[in-house]
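Here the structure comes first, spelled out in structure tokens, and everything after it is commentary.
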Protein chains: 2
Amino acid sequence: MNRYPRIAVLGATGAVGQEFIRLFEERNFKFSSLKLLASARSAGKKISVCGKEYVVEEAKPESFEDVDIALFAGGNISKVLAPEAVKRGAVVIDNSSSFRMDPEVPLVIPEINPEDILWNKGIIANPNCSTIIMLMALKPIHDLSRIKRIVVSTYQAVSGAGKEGIDELYNETAAIAKGEHYEPTILPSASLPIHYQIAYNVIPQIDIFLDDDYTKEEMKMVNETHKILHDDSIGITPTAVRVPVVRSHAESIYIETEDVLSVDAVKEAIKNFPGAELVDDVENMKYPMPLDTSDKTDVAVGRIRKDLVSPNGINLWVSGDQIRKGAALNTLQIAEYMIEHDIIK
Amino acid sequence: MNRYPRIAVLGATGAVGQEFIRLFEERNFKFSSLKLLASARSAGKKISVCGKEYVVEEAKPESFEDVDIALFAGGNISKVLAPEAVKRGAVVIDNSSSFRMDPEVPLVIPEINPEDILWNKGIIANPNCSTIIMLMALKPIHDLSRIKRIVVSTYQAVSGAGKEGIDELYNETAAIAKGEHYEPTILPSASLPIHYQIAYNVIPQIDIFLDDDYTKEEMKMVNETHKILHDDSIGITPTAVRVPVVRSHAESIYIETEDVLSVDAVKEAIKNFPGAELVDDVENMKYPMPLDTSDKTDVAVGRIRKDLVSPNGINLWVSGDQIRKGAALNTLQIAEYMIEHDIIK
């Protein structure tokens, strides 16, 4: 393309949409035109992007005329509007779970499987936040020796439930401090019939339960990992848990590799992997923490140690910003990759 | 014994000490005399127990004259005073980690290995809170089929750092709400040179790091489990993490048993195990949460599901009150067992 791409952002007023805008400025992302789209409720809002004011428009199929890349922040609306955008010639990079497991749609983390971008048919899916953050730590190890087993327990921020999730944590905490009652309406998930306090609590449910008593969030970590790494034989045991943290996820991960790896080799591989940061100096109490990784680009990896039982076992602890690498940043990186490699039609 | 025992509480003004007193009232625990002991700093304080006022005395070796059972709330002082109390004829039930791995000292969870109480030589150790809460869920399963492998990640409340830990979480949260700076001084551990914010954060360190890059807390879970279950061959992978929760721990646990167990059999065993409560009805969004188990006696167990990979694998989620079953209650139950079975000299 001889010009900067024409961009649309769907869901511009939500947590992920707002992060796109922050990242445009921070990464000096160039576009020749920009449409900010949202539901009718948000239409008319004014948002400043790179010093220029834009008016939010109601998202409709026609909104995607004259758009090269459409960045979809997520939600059920993707299912309806993504095909409409593709029909009009746009490439959709979608944060929802609608298309992730569609065999016609690549599921991409640009540092891990950028080659899958090439066979896209108009839609490229952004993986679930927990999957991205886990795999940013595991891919460099997988490249050293195939990972055959993963047991992961997550510590997930409320930002995964959007702006409303963040508001609920703060409002609940404030009400408790005043001795007032607060009736939660968002967590564990707005669409569920029952809601629980997340302030000073931990909720072992993210998204709905499926037939096998795993949650949808947990099964995303399994299925998406298989798809991204092109290896269905990796055995994965997930437990997804919400904690009262604002915007960075953390994960406790046990892995078994085919070969015995030294801790030093693992540390070196993580240090050299783009997008991962080795934060591992326990003597000086340095390890990844959600507070430190919030608003950061890299996924922090630490507490790397040999398992006490299996010679092929390694334990690690990971933290990354859920809204950034877990969503908006990864999506934008896919767009950047396509622009850089001239993949946009 | 023909009379009610003479009781001393060491550390009467701390979180665990205060819980002893609540439990005396709640469980109608009878004593013929009671001494409340603490450091010189707390001496002179007045505390009401079962409607009677007691004055806190400074703990000294001589404090344990005419005492049958001394309940030690924990801390380094145990190492000095436990032998002094034993010398004076008291049985010490100790919450500190000082004697837990001493081969001359039984380490006891009354529902699990009460028989070990019998060979005590004056000191009985109370296990670490995370170990107790984990084993209350695992023992009924272990009784069905030997557990050979455990991978556990904890979500531990700040009460593990005492009253000061609870105060720090609340004060920090209040300061953040006002936009004020708060300098943490307690977590992850008061004795460490660096302290981190726990409000809206998660800290993957509890206690100090040991040579193998596991924390002391993590190795307690390994070594104490082996001692309590009398089986050093159980392979245990622990990750201990502090979360901004007030007083109940939670744990995500993966186990492998020798035989293939059905989920129904596991649920039934937990339901029938004294001190454990089955809270597992995901269809109705019922699972253990720290907010629900706080101030409760039983350890709640739920999210029991077959592993997706290993036919011998089971996953579960546990939560229990750290100050109660994790400390004061377990200690008091040991005392009650000794009284009931007339084991006190």
Side-chain angles (χ1 to χ4, degrees), chain A residues 149 151-155 169-170 173-174 176-177 188 192-194 196-197 199-205 209 212-215 219 222 235-239 241 243-246 248 250 252 254 263 282-285 287-292 302-310 313 315 317 319, chain B residues 149 151-155 169-170 173-174 176-177 188 192-194 196-197 199-205 209 212-215 219 222 235-239 241 243-246 248 250 252 254 263 282-285 287-292 302-310 313 315 317 319:
Chain A
R149 188 78 176 94
V151 180
V152 55
S153 294
T154 71
Y155 300 65
L169 171 57
Y170 281 133
T173 308
I176 292 165
L192 292 169
I194 305 172
Y196 296 123
Q197 176 181 323
Y200 306 113
N201 197 19
V202 158
I203 305 176
Q205 175 180 6
F209 282 99
D212 55 4
D213 286 354
Y214 286 79
T215 60
M219 293 315 296
V222 175
I236 306 175
T237 298
T239 303
V241 180
V243 295
V245 163
V246 180
S248 263
S252 168
Y254 165 79
V263 164
V282 296
E283 212 172 309
N284 293 303
M285 296 175 62
Y287 31 69
M289 289 192 290
L291 216 56
D292 292 338
R303 292 222 55 200
I304 298 163
R305 59 207 195 274
K306 290 293 281 185
D307 188 47
L308 297 167
V309 184
S310 164
N315 296 296
W317 173 259
S319 183
Chain B
R149 187 79 175 94
V151 180
V152 55
S153 294
T154 69
Y155 301 66
L169 171 58
Y170 281 132
T173 308
I176 292 165
L192 291 168
I194 305 172
Y196 296 122
Q197 178 182 323
Y200 306 113
N201 197 20
V202 158
I203 305 176
Q205 176 180 6
F209 282 99
D212 54 5
D213 286 353
Y214 287 78
T215 58
M219 293 314 297
V222 175
I236 306 174
T237 297
T239 303
V241 181
V243 295
V245 162
V246 180
S248 263
S252 169
Y254 164 80
V263 165
V282 296
E283 212 172 308
N284 292 303
M285 297 177 61
Y287 30 69
M289 288 191 291
L291 216 55
D292 293 337
R303 292 222 55 202
I304 297 163
R305 58 205 195 276
K306 289 292 282 186
D307 189 48
L308 298 167
V309 184
S310 165
N315 296 295
W317 173 259
S319 182

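Keep in mind that this is a model prediction, so the values were computed, not measured.
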(request) Select one option (side chain, backbone, both, neither) describing which atoms of B:V151 are under 4.5 Å from chain A's heavy atoms. (result) side chain
(request) Would you mind telling me which of B:D292, B:I304, B:V241, B:I203 has the largest number of heavy-atom pairs within less than 4.5 Å of chain A? (result) B:V241
(message) Does any backbone or side-chain atom of B:V243 lie under 4.5 Å from a heavy atom of chain A? Answer side chain, backbone, both or neither.
(response) side chain
(request) Go through A:V263, A:L291, A:T237, A:I194 and name the one with the most non-hydrogen pairs under 4.5 angstrom from chain B. (result) A:L291
(message) Which atoms of A:Y196 are under 4.5 Å from chain B, going by heavy atoms: the side chain, the backbone, both sets, or neither?
(response) side chain
(message) Need one label for B:N284: side chain, backbone, both or neither, based on atoms under 4.5 Å from any heavy atom in chain A.
(response) backbone
(message) At a 4.5 Å cut-off on heavy atoms, which part of B:T173 comes close to chain A: side chain, backbone, both, or neither?
(response) side chain
(message) Between A:S248, A:P244, A:G313, who has the most heavy-atom pairs with chain B when the cutoff is under 4.5 Å?
(response) A:P244
(message) Closer than 4.0 angstrom, basic N to acidic O: yes or no for A:D307 and B:R149?
(response) yes
(request) May I ask you to name which of B:T239, B:I176, B:N201, B:V245 has the most heavy-atom pairs under 4.5 Å with chain A? (result) B:N201
(message) Within this structure, what is the CE-CG distance for the pair B:M285 and A:L192, rounded to the nearest 0.5 Å?
(response) 4.5 Å
(message) As an exercise, state the distance from CZ of B:R303 to OH of A:Y214, rounded to the nearest 0.5 Å.
(response) 8.0 Å
(message) When you measure from the side chain of A:W317 to the backbone of A:A250, do you find a donor-acceptor pair of N or O atoms at a distance under 3.5 Å?
(response) no
(message) Test of understanding: with side-chain hydrogen bond (donor to acceptor under 3.5 Å, both in side chains), list the residues that count as partners of A:T215, not counting sequence neighbours.
(response) A:E218
(request) Quick one: pull up OH in B:Y155 and OG in A:S153 and give me the separation to the nearest 0.5 Å. (result) 4.5 Å
(message) If we define contacts as heavy-atom pairs under 4.5 Å, which of A:S252, A:G235, A:P290 has the most with chain B?
(response) A:P290
(request) Can you tell which part of B:N315 gets under 4.5 Å to a heavy atom of chain A, answering side chain, backbone, both or neither? (result) side chain
(message) If the condition is side-chain contact (heavy atoms from CB on, under 4.5 Å), which residues does B:V222 pass it with, not counting sequence neighbours?
(response) A:L308, B:M219, B:H226, B:I236, B:P238
(message) Let's test your reading of the structure: which of A:D212, A:V202, A:D213 forms the most heavy-atom pairs below 4.5 Å with chain B?
(response) A:V202
